[in-house]
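Below you'll find the structure, written out as structure tokens, and then a few comments.
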Amino acid sequence: MIVTGQTWQQGIFSQIFFGHGLRMRNPYKLRRQSNRSKCPKFASRRNMVLLARTTVAEAATAINAATTFIQYTLGLAFVVLLAYVIPPANTAIAWTSIANTLHSSLWPKLLRTDSTRSRGTDWRVSGISGLTFFVGVLLAVTGVVTPLGLKVGPSLPTSSAKLVNASYIPDTSPIGLATPPHDRYSYSRVCGGAGPVPCPGNGNNGNTSQIAPSVMNIFSSTPYGPFGMQFRQYYQGMSGYNYSTLNAPQLTIFQSLILRDDIFAVEGLIVDLSTETPGVGFWNHTLPESTHGGEWSQDILWLEPVTTCVNSNLTIEYTMKNGFVDRVNLTDRGGFVHLTQDYPTISRNGQNGNLYDHAFRGAALSNNFTMVSLNLTREQSYVGRSFPLKLNLSSFSAVRFAAGKMGPIDLDYMSNGTASSSIVSLGFNLHLLCAGYGGGDKPNITTTGIHCGMFAGTPRRSDGGDSRSLDDNSTWTQSLHACASVTRARIQTITFSFDGQPDLSNLHITRRNTSKPILWATERASVSISDVDLFWGHVDDSYEGDPSLSTIRSEVFYVPAGGSDYWGVIGAGCPNTVPAAAWATSYTPPIGTNDGPIAIYSGQGNYALLQKFGSLIGNDSINGPARIQNLIWTDLLANNIVGNATSNQLTFTPFQPSTSYHLVFAIPAILLFAIWLLAFLAAAFILTSRSLTISHLRDLIDHTSVGRVVVGDSRLTLIHKGPPAAENDSTSSIELSHPPMVENHSTHTDDTARPPSISTDSRPWSQTAGLSLVKFSATQPADY
């Protein structure tokens, strides 16, 4: 049997396994097949062996170790069998074959026989012999250690993208299960806060909830407008002024997502709850089919909250007694004594306005309102002065906020007494003054839907105690911030990728802003803000200059104010009013025990949420409250609105599997390669420079075979028999001579060519006759 490229042990091993029809498969291929939850084609599951807690690299290492062990021990076993069955008399060529088998095994090393002894051997011969043994050991170690560095690598994109079909993948999360089918969904709207008024595009007809076809055409010219969104959950019933059956929403929380800190997909939306830049994108998820995954990008309409807060420099101080809030004080930290004497101004162009101006105005007016309610002047206060408060959450004739509870409170939370009545009689409306618009103003593109309010931060121990312990007589403090918020729209490019099978939970999502200004538009209307919610969105460039529209080219668009901003409710049939209602809800303080949807954000029943909000304020006392408001708005929006834009085909770049490798495990292989490279280059140089010929190498191999030596047909010539005569002579001085090669192929038949007789010396042969000096005489033909 001849097995090319294998040792004879490997050949037998291959014959044993492959010869009986067992096909050994690539373990990495098996791993990839198992990832697809399919059995290999050559066997059913019951013919497979499963190894728990074992990687492919570890399994390959175990196989290589077992193969190496079998290779060497099988050679040892065969030598034993050969020695047992060998006949006493054999031909010379048989003895040569037997000697080759014996000396190619590990037995000479294990038994320290003559062929492994280095005494009396030239240093070059012993060096190469030792290096050969070292390389053999290194080769075995390399075969075992090298596979340990193999790991399943990341999926890598292929070089080219292609157009593939995409299909809808349902969301099985609680918020997805709460989303009903939208196949019967229809758009409509009602205009008029106190009575029916004509909606834009309907002429003088105020007795209809239908949207004018011209308006539908304008804001359907791109998928980035009011008709690319729908209510998440709704019911169909009579609404408004009993016009017809409308889709009426319910603002609620199906699954609070606010504890998350990443970007992910839910039914109909991309939700980003990272603390820096939260928001939602409208996307009715269709995913491409792929075996190994891939990536693609889509442009979607993105809504994001923008909030700015200003420290009012007032704090709420209280003491805990028997588990309840006691002795509540309002403490001046500079909000009264250093209150500005100049009336704060704001910009009237909301598309280029400054939210800080609105928040600062809210803080200044609220502090002034509170100071007047306390019958106090700037000169009468100082930093650190405290004012006792009497709380009554259910009455408008007392201080209206809940000490000890994080959340929104009114700008005019000190609406008690004669001073408060005189302020109201003067027509002061702090929310109107902070936002910069009222219900009687005309809606337009520059009047944006800004919402204002105060925010009471997380309670903190002011006595240095643990905030998790409500100890008796422990003292607590809460900061008060005035905040202003608005909704901003933009188009963002979302990049999706997944490994393996397509699934919403398996998506990796990144997003980036588009840098090109686009055309945004909103309707023109002659009615009041309290009577209408204007449609807005990105429209086709052909509508630029349309007299029924107000347009602007910009990368971002601030949503205009409408009736939902003024009334704080969602407009029936109009999902584009959900962002305004979400702001109104997030700024609505609790009244009595009925906190509404905002109650879950107080942190009283969720310590993880309280800890998260507390860390946001602790890390940044100014921007922390703003980020909390943005997170609450995003969570409300994610629970009450979905996108309906669907793509049946996507430009998709498939992934291909890869393998990674830890280079530490390649050290033996690198060392082996270095030895091989040096040896190979040296051998190639010797052969190509004709310093050694193939013919000479063949003669050397033939004439050093044991059969030729025994019968005296070898060119090995005995020069000196036995060890040196003098005891002080060193065996290292014995050299193996290579006389000039001559053209002489004659066979030596004289006595000197015969093998020496067996010595009777009691010393080992390697110390006596084994030290005889022998030379090799060979010829070097011109051609080889």
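This is a predicted model, so every value here is computed, not measured. Start at 1 with the first residue, then count along the sequence.
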Does the side chain of W296 come within less than 4.5 Å of F498's, by heavy atoms? yes

Walk me through whether N513 and W302 qualify under side chain to side chain contact (heavy atoms under 4.5 Å, CB included). CA-CA 9 Å; N513 298 327; W302 189 267; over 6 Å; no

If you look at every heavy atom in A161 and T651, which pair is closest and at what distance? CB-CG2, 3.9 Å

Checking T659 against Y661 for the side chain to side chain contact (heavy atoms under 4.5 Å, CB included) test, could you report, in this order, the C-alpha distance in whole Å, the side-chain angles of both residues, the deciding distance, and whether it holds? CA-CA 7 Å; T659 301; Y661 189 80; 5.9 Å; no

Let's go through I494 and T510 carefully: what are the C-alpha distance in whole Å and the side-chain angles of both, what is the deciding distance for side chain to side chain contact (heavy atoms under 4.5 Å, CB included) to 0.1 Å, and is it a yes or a no? CA-CA 6 Å; I494 311 297; T510 58; over 6 Å; no

Please report the shortest heavy-atom distance between N284 and G643, naming the atom on each side. CB-O, 3.6 Å

Is any side-chain heavy atom of N64 closer than 4.5 Å to one of V145? no

Does any donor atom in the side chain of D261 or S274 lie under 3.5 Å from an acceptor atom in the other side chain? no

Drop me the distance from R512's CZ to Q492's CD, to the nearest 0.5 angstrom. 10.0 Å

Expected output: side-chain T286 to main-chain S647 donor-acceptor under 3.5 Å: yes

Would you mind reporting whether F264 and L273 have side-chain heavy atoms less than 4.5 Å apart? yes

Looking at L692 and L687, what are the two nearest heavy atoms and their distance? O-CD2, 3.5 Å

List the steps, then state whether side chain to side chain contact (heavy atoms under 4.5 Å, CB included) holds for L287 with L650. CA-CA 8 Å; L287 275 65; L650 298 169; over 6 Å; no

State, yes or no, whether a side-chain contact exists between V135 and W676 at a heavy-atom distance under 4.5 Å. no

Taking all heavy atoms of A265 and all of W283, pick out the closest pair and write down the distance. CB-CZ3, 3.9 Å

On a heavy-atom basis, the closest approach of P288 and V164 is CB-CG2, 3.6 Å

Between T693 and S695, is a side chain to side chain donor-acceptor pair (under 3.5 Å) present by the stated rule, with each step listed? CA-CA 5 Å; T693 65; S695 176; 5.0 Å; no

Contacts of S173 meeting side-chain hydrogen bond (donor to acceptor under 3.5 Å, both in side chains) (sequence neighbours excluded), chain-then-number -> D171

Is there a side-chain contact between H662 and K151 (heavy atoms, below 4.5 Å)? no

Are there more than 12 heavy atoms of other residues, nucleotides or ligands under 6.0 Å from atom CD of E289? no

Rounded to the nearest 0.5 Å, the CG atom of L672 sits from the OG1 atom of T142 at a distance of 5.0 Å

Distance col, row F680:CZ vs L678:CG, nearest 0.5 angstrom, shows 12.5 Å

For the residue pair R511 and I263, establish whether any side-chain heavy-atom pair is separated by less than 4.5 Å. yes

So, using side-chain hydrogen bond (donor to acceptor under 3.5 Å, both in side chains) as the criterion, who are the partners of S505 when residues are at least two apart? D503

Can a donor-acceptor pair be found, under 3.5 Å and without considering hydrogens, that links the side chain of S615 to the backbone of K612? yes

Could you pull out the closest heavy-atom pair between E304 and R490, with the gap in Å? OE2-NE, 2.9 Å

Side-chain contact, heavy-atom cut-off 4.5 Å: L677 with F673? yes

Output yes when a side-chain donor or acceptor of S297 lies under 3.5 Å from a complementary backbone atom of T493, and no otherwise. no

Just wondering, do F282 and I300 contact through their side chains at under 4.5 Å, heavy atoms? no

Ring centroids only, cut at 6.0 angstrom: are H285 and Y168 within range, meaning strictly under it? yes

Atom OG1 in T222, atom CG in L301: separation rounded to 0.5 Å? 8.5 Å

Approximate separation, where rounding is to 0.5 Å, of L507 CG and E295 CD: 12.5 Å

Drop me the distance from I175's CD1 to L257's CG, to the nearest 0.5 angstrom. 5.0 Å

